[in-house]
Amino acid sequence: MSDLPEKPTIDGLEAKWRAHWEAEGTYKFDRTKSRAEVFSIDTPPPTVSGQLHPGHVFSYTHTDLIARYQRMRGKEVFYPMGWDDNGLNVERRVQLLTGTIVDPTLPYDPNFVRPEKVDPKARSIAISRPNFIELCEEVVPEFEAAYHDLWANMGLSVDWDHTYTTIGAKAVRTSQRGFLRLARRDLAYRSESPTLWDVDMKTSVAQAELTDKELPGAYHKLVFTGPDGSPLLIDTTRPELLPACVAVVAHPDDERFQPLFGQHAITPLFGASVPIVAHELADPEKGTGIAMICTFGDTTDVTWWRELSLPVRAIVQRDGRLRPITWGEAGWETTNAPGAQAAYDELTGKNVKQAQKRIVELLTETSLLDGEIRPITHSVKFWENGTRPLEIVTSQQWFIRYPDKGEMLARGQELAWWPDFMRVRLENWVNGLVGDWNITRQRFFGVPFPVWYPIDDNGITDFLSPILATEDVLPLDPTAAVPPRYAEDQRNQPGGFAADPDVMDTWATSSLSPQIVCGWEDDPDLFARTFPMDMRPQAHEIIRTWLFSTIVRSHYEHDSLPWANAAISGFIVDPDRKKLSKSAGNADDPVALIEQYGADALRYWSANGRPGMDMVFDEGQMKIGRRLAIKILNASKFVLGIRAAGDGAQVTEPVDRSMLVGLASLVDEATAAFDRFDYARALERTEGHFWAFCDDYLELVKNRAYSEAPEAESAKVALHLALDTLLKLFAPVLPYVTEEVWSWWQNGSIHRSAWPDAAALRSAAVGGDAQVLDLASEVLREVRRAKSEAKVSMRSKVLEAVVTDTAERIDLASACGSDLVQAGVIDELRFSPGESFSVAVTLAPVGA
RNA sequence: GGGCGCGUAGCUCAGUUGGCUAGAGCGCUGCCCUUACAAGGCAGAUGUCGGGGGUUCGAGUCCCUCCGCGCCCACCA
């Protein structure tokens, strides 16, 4: 306890209480509690590669609101924090920040030092893979520190002893163990197949990481030769893929092409004979109604290729350039090998854009392009942070088999969603899934596959017979460790072994976040106390990725949901309803916002965002939050400035009881709202109640409370009960200001105190009627209105006030007559029975 | 093209199973130094509840339909 301050302020509360909570271990998880006593939270590990922005404050605050509420409800809250520091985005940011690029062929350079200054226009420095990983390990903690600092200042009540990184040993071990278990059950498998490929980052990309972008393109009408030698016109936006054409396709019902099915067409320039086939996906309305199938121009090509059992003629390499081809060899049959070769040699080594330009010239020169090129706008698949369209290349990848769709949908039903309609996002996603989950990334800073491959005596690596590591040696880097029964000198030798060169997709690790934080296999005691978890808070935009994949992993590993509740938050939009982003120049720095308004004010703004709803970035709300925090300080100072009631004092006055009864209803309402994860409603009701408490109840009873009258005791008890209750209701939203006030009159932390008990309030106010305070407030409002309209001070005297109302209501209102007299500065207050409510106010003459 | 959400005061939003004259805050207007707070207080004005139709004694709320916005998914020759 400390003395009441002369002039309370909210400035500096963050630093003061952050340090205090840290020192006291206020939010430390007590792992002796049983599962039933624990509330465990699967905190989203933020991608540390991003810029800090107010969206982070928004959604992470929502989780903390629930954590603080549950803690006050008596739960032992398990609230860990993670940093997502592996994955493509992190590598990309480190590359940009340090001006480097990986060249895996380079040897490790022990003398490499991070460049001091990076000129964004300068050419990137090529470094080795191990050097790059070291660089990531050096830079990433700087990112993490910025997040930690922000979270701590925002008052997130996480237990920092339970912090993990998605590239840390614990996460790597868990990811590798999870992978090995699936591989041994044949639920993870390796296969060669067409894969969406980012030619800049030179890696495959998962379905979940795709985004569509509208790009200009153009239809080119190519002149194929039909079976009877007549021209067959085919529209394409990808003429450069003509050499990769393996068939042409039309709709089975399309009468124009039905006679041609089963026959062959000859491709222009390359003279390849390709079958004319039928498939429902071919759209008679598009282009000329007949399309060329290339390996591979888009995902429809992949579908056709797979379902029609077509051969592969791949020309685009992993760097996005066309590879050399010898026409006339097996797989590249042509009626005109020299001509095909001459044309193709013009394209070899070019990227797809350059190749398109050149092939259009070649087609034009030979009159194989019919009519004009017609520009269109079409959407093209990109990696969500990529700069060039994805290509499709064939490569070796690890896949996780998806469970049966029905099983996944049943898990979605079993999960409690807040708000409920978000479940549909998962169902849409599950119903639209195509193929299995590609978890391989041809990258560097990630979780390696704990796998090697045997090399036969001829030096050929057998990628389809992986040697799995045993679980006892995890975490493991196969490029450093040696598989059982092999020696290091057999690495990459005939008769020896080769390490899997790839790393796991970031979601392959993130999908195990419950297993990582709860200590799956590593700490069975902790696991038993925390898993399955209570709550997964997350944004709706990653339902298809994080939420979905976590359900899949838990389904396989534990045959259960990973958590009981999914609390989905919206995101922040600017006033034009566009998603707020740094690149758009409309995001403010949250650190500066805390400085300006205070963490409580930012939390207040966040807490106004209802679950699942997007919210407009609005500094006005932060100002209101700041004002509320200051008001709490001042009102509390006033209440606590009144001498405490004597021992055994009771609440006896009807208006005091009335106030407490109303407060009990508020507690019921706030509790029910929090139980539905609706912190916004809880705050709205509490806030409204608090302002009315200040404006009306405090004004009504302040004179009595300060007096020596016996009735003062009742007011004092009621005021302290009310302050205690209101502070606690505000505590989850405004942890700093409520803790500050708590410290003026109580020991310990308000955040470890018990949530208010409505029943206790009702028993302190037995016989109370909520109407009494309402009526008194109405009378007071009429008196104020009279003074306001007369443009006189609120302290000016009322000669007479006559309250007319029904007998029953007069009975209630007259019970607080003396409080009304003092609050309204009324000489004579009378009550008169009548039909309806009115107050006749006679003011003292001006100057009297 | 399919799905989900949203549309209420100038702005941001409440309005729960249909039920008194549709609410709050901000902003706006006027007033008040009032001893917790002038970084404050008191009071006031402000609506075709997106449009149309229907069910009902009664619709912001339920049904149909149209319009607009956002997001997710699909398509992408």
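Because the structure is a prediction, the values reported are computed rather than measured. Each chain gets a letter, A, B and so on, in the order its sequence line appears, and its residues count up from 1.
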Check: residues 718-727 of chain A side-chain donor-acceptor pairs under 3.5 Å, at least two apart:
residue	atom	partner	partner atom	Å
A/His720	ND1	A/Lys716	O	3.0
A/Asp724	OD2	A/Lys728	NZ	3.4
A/Thr725	OG1	A/Leu721	O	2.8

Report, one pair per line, the protein and nucleotides 16-22 of chain B atoms (nitrogen or oxygen only) whose separation is under 3.5 Å.
residue	atom	partner	partner atom	Å
B/rU16	O4	A/Arg681	NH1	3.1
B/rU16	O4	A/Arg685	NH1	3.3
B/rU16	O4	A/Arg685	NH2	3.3

What's the gap between [N] and [M] when it is taken at their [atom1] atoms, as a whole Å value?
{"N": "B/rG60", "M": "B/rG47", "atom1": "C1'", "answer": "11 Å"}
{"N": "B/rG58", "M": "B/rU17", "atom1": "C1'", "answer": "16 Å"}
{"N": "B/rC73", "M": "B/rC66", "atom1": "C1'", "answer": "24 Å"}

Distances under 3.5 Å between nitrogen or oxygen atoms of protein and nucleotides 26-33 of chain B:
residue	atom	partner	partner atom	Å
B/rC26	OP1	A/Arg627	NH2	2.9
B/rG30	O2'	A/Lys791	NZ	2.8
B/rG30	N2	A/Ser788	OG	3.1

Give a yes or no answer on whether the side chain of A/Thr61 reaches the backbone of A/Arg603 with a donor-acceptor pair at less than 3.5 Å. no
Nearest to the side chain of A/Lys381 - B/rC75, B/rA39, B/rA38?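 That would be B/rC75.
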The side chain of A/Asn634 lies closest to which of these nucleotides: B/rA43, B/rA36, B/rG41?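 Out of B/rA43, B/rA36, B/rG41, the nucleotide with an atom closest to A/Asn634's side chain is B/rA36.
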Minimal non-hydrogen separation, A/Met292 against A/Leu241, with atom names: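 Smallest interatomic distance, heavy atoms only, reads CE-C, 4.2 Å.
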What pattern of brackets, bars and dots sums up RNA chain B from 5' to 3', given Watson-Crick or G-U wobble pairs under 3.5 Å, [ ] for crossing pairs and | for another strand? (((((((..((((.....[...)))).(((((.......))))).....(((((..]....))))))))))))....
Quick check on contacts: within residues 282-294 of chain A, what sits under 4.0 Å from RNA chain B by heavy-atom distance?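 Heavy-atom contacts with RNA chain B come from A/Ala282, A/Asp283, A/Lys286, A/Ala291.
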Hey, can you pull the donor-acceptor pairs under 3.5 Å for the side chains in residues 625-635 of chain A, sequence neighbours left out?
residue	atom	partner	partner atom	Å
A/Arg626	NH1	A/Tyr597	O	3.2
A/Arg626	NH2	A/Asp11	OD1	3.2
A/Asn634	ND2	A/Ile630	O	3.2

For A/Trp418, what residues pass the side chain to side chain donor-acceptor pair (under 3.5 Å) criterion, not counting sequence neighbours?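 A/Trp418: side chain to side chain donor-acceptor pair (under 3.5 Å) contacts with A/Asn565.
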A/Asp819: which residues meet the side chain to side chain donor-acceptor pair (under 3.5 Å) condition with it, sequence neighbours left out?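 Scan of A/Asp819 (side chain to side chain donor-acceptor pair (under 3.5 Å), adjacent residues dropped) gives A/Arg704.
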Please enumerate all residues that pass ring-ring contact (aromatic ring centres under 6.0 Å, His included) together with A/His62, with sequence neighbours excluded.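 Counting only residues at least two positions away or on another chain, A/His62 forms a ring-ring contact (aromatic ring centres under 6.0 Å, His included) with A/Phe58, A/Tyr679.
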Among residues at least two apart in sequence or on other chains, which ones pass ring-ring contact (aromatic ring centres under 6.0 Å, His included) with A/Tyr219? none
One character per nucleotide, please: for nucleotides 1-9 of chain B, 5' to 3', B when the base has a protein heavy atom closer than 4.0 Å, S when only the sugar-phosphate does, - otherwise. --SSSS---
Got a sec, which residues hit side-chain contact (heavy atoms from CB on, under 4.5 Å) with A/Asp675, two or more places apart in sequence or on another chain?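 Result, side-chain contact (heavy atoms from CB on, under 4.5 Å) vs A/Asp675: A/Tyr69, A/Arg73, A/Thr671.
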